[in-house]
Amino acid sequence: MDLIPAPRRFRALPEPAFTLGPDTGVRVGPGTGRAARRLRAELGAATGFDLDPASDGRIELALDPALGAEAYRLESGPDGIRLTGGAEAGLGHALQTLRQLLGPAALRRAPLPGTRWEVPAVRIEDAPRFGWRGALLDVSRHFLPKADVLRFLDQLAAHKLNVLHLHLTDDQGWRIEIRRHPRLTEVGAWRERSMVGFRAADRRDDRPHGGYYTQDDLREIVAYAAERQIAVVPEIDLPGHAQAAIAAYPELGNTDVVDTAALGVWTDWGVNPNVLNVSDATLCFVEEVLEEVLEIFPSTFVHLGGDECPKDQWKASPAAQARIKELGLADEDELQSWFIRHFDRWLAERGRRLIGWDEILEGGLAIAAEPKAAPVPRETSDKRPRNEGAPERGTSAPDREQPEVRPRSRAAVSSWRGYAGGVAAAKAGHDVVMCPEQHVYLDHRQAAGEDEPIPVGYVRTLEDVYRFEPLPPELTALDDGGAAAAHVIGVQANLWTEFMDDARDVDYRAFPRLAAFAEVAWSDLPRDPAARDWAGFERRAAAHYARLDALGVEYRHPAGPRPWQRRPGVLGRPIDARPE
Ligand code: ACM
């Protein structure tokens, strides 16, 4: 049936198919109301049928708590279809499988005349390999309007992916409304122009670029994602990648080193020297931002970046050096660790977990039995009167309420600079999401040819992504009963958008590779990449293109980019070595 991602167990039954028709009803089992509503909305739109619960139900929805929350069974035969989920999430995945069984037209938003809606007789038992099956969307470098984010969530759900990592802030744009600090979007949400291609291209478009999501927009995105069993993990990138915030509030930068008041939102791509300072006022400011972030995003994990923070300004800054001395730290790496751990603890106190890029391991992440830090006074960044009697937040909680030692960190690591950071973190007992740039950075070019638009990074073909194995031998060969490997909670593909101006560009770089990635994340593939049935995937991918067409996804065709998908003459930054 060419299903993608491939289910764990699939049996075609020697029975006639079931045909959906105008009289088909949906029988809504206990606890399945929301899943049934989605099924009726999606299949109802595609088929034009009411799928009325009052009709004679031939599609049954049920829960079976003996299954894992995301697991499901799909049983179909001449008498009807039964979808059973471990929880609502499993039913959502079953719905996606049912759409694929019905054929590409089931992925359209309105009926095609004359379509026959047949479901072959099958029995499918399915469950995911990894609990975190993510995609990062960088909405900072190029803003994606809300409607495009909702559309991207539909694409993730169709591939049984369940985490949208939303990279909301960076040097080139701040995209989340923060009520208490409105200049973050008034100033930080747009830039005067953009680089076209990489630095060597020396091209600018001289066109303002910007946009941001209101808090209500983000609440809508979060709710829309939740209906599709997707968690939205927000990223506020700190203490580097922060020039947009510094442009809005110059006091956040290293004012004793550079004239931060002269900085605008960055109009270049690359790694930026302008990083946050480490004052109490800046810690308070960030806490205030995060308070609003936590109100919007219910996800357990909150991503605080931590990547690519050049230390030059901290080295030159008397204030940063005084902080290092005061805290008894060895160097600037330890200063960054201290900064990140402050928020690790702050989030933990609120029942959340920090996740950061693998640089957060530098200078130490383990917080076991560490002496408590002095509380940060909270008067500097907010001059407005505080609510008398309101509980103090953050580190200003009274000393006597603080434990004498910090709890062990529950921070997790996104391993992007290869596998090494993830291996080290997993061995140290931290959870890990594997997203090595050499394998699953989908902004990287998908073929070596001259025609690839703005070619950056490694060549990562559809086959390369299909053969990506998240668990490296450094973890699987350990004699630890699988303990370290079990810390790899998931896998993620990242879409950085320096070279993607809009949703059409995102479609092109994401697909079809995100379909191969989805199979790596979900299916029980051979762990040896060489043993994977690439020819079989390629055959199924041919059927999958028709689904992507129905969804309106402008994927890269196997024959290469269409003329309008090329960017002739715009230089990228290819890496010519094969990834290790
Ligand atoms: C990253 O790619 N800088 C996480």
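Each ligand, and each atom within it, is numbered from 1 in the order the structure gives. Side chains included, hydrogens not; waters and symmetry mates left out as well; all remaining heavy atoms used. On a predicted model such as this, the values are computed, not experimentally measured, just so you know. For this chain, numbers begin at 1 and follow the sequence in order.
Exactly one of Q243, Q172, H241 qualifies for a side chain to side chain donor-acceptor pair (under 3.5 Å) with N272. That residue is Q243.
The aromatic rings of F499 and W269 sit perpendicular to each other, their planes meeting at more than 60°, with 30° as the lower class boundary.
The distance between the ring centers of H167 and W357 does not fall below 6.0 angstrom.
The neighbour count for Y212 OH, taken as heavy atoms of other residues, nucleotides or ligands under 6.0 Å away, does not exceed 12. Around the CZ atom of R573, the shell of radius 6.0 Å holds no more than 12 heavy atoms that belong to other residues, nucleotides or ligands.
R504 forms no cation-pi arrangement with Y508, by the criterion of a distance under 6.0 Å to the ring centre and an angle within 45° of the ring axis.
At a 4.0 Å heavy-atom cut-off, the residues surrounding ligand 1 are D307, E308, W357, W416, Y441, W496, listed by chain and number.
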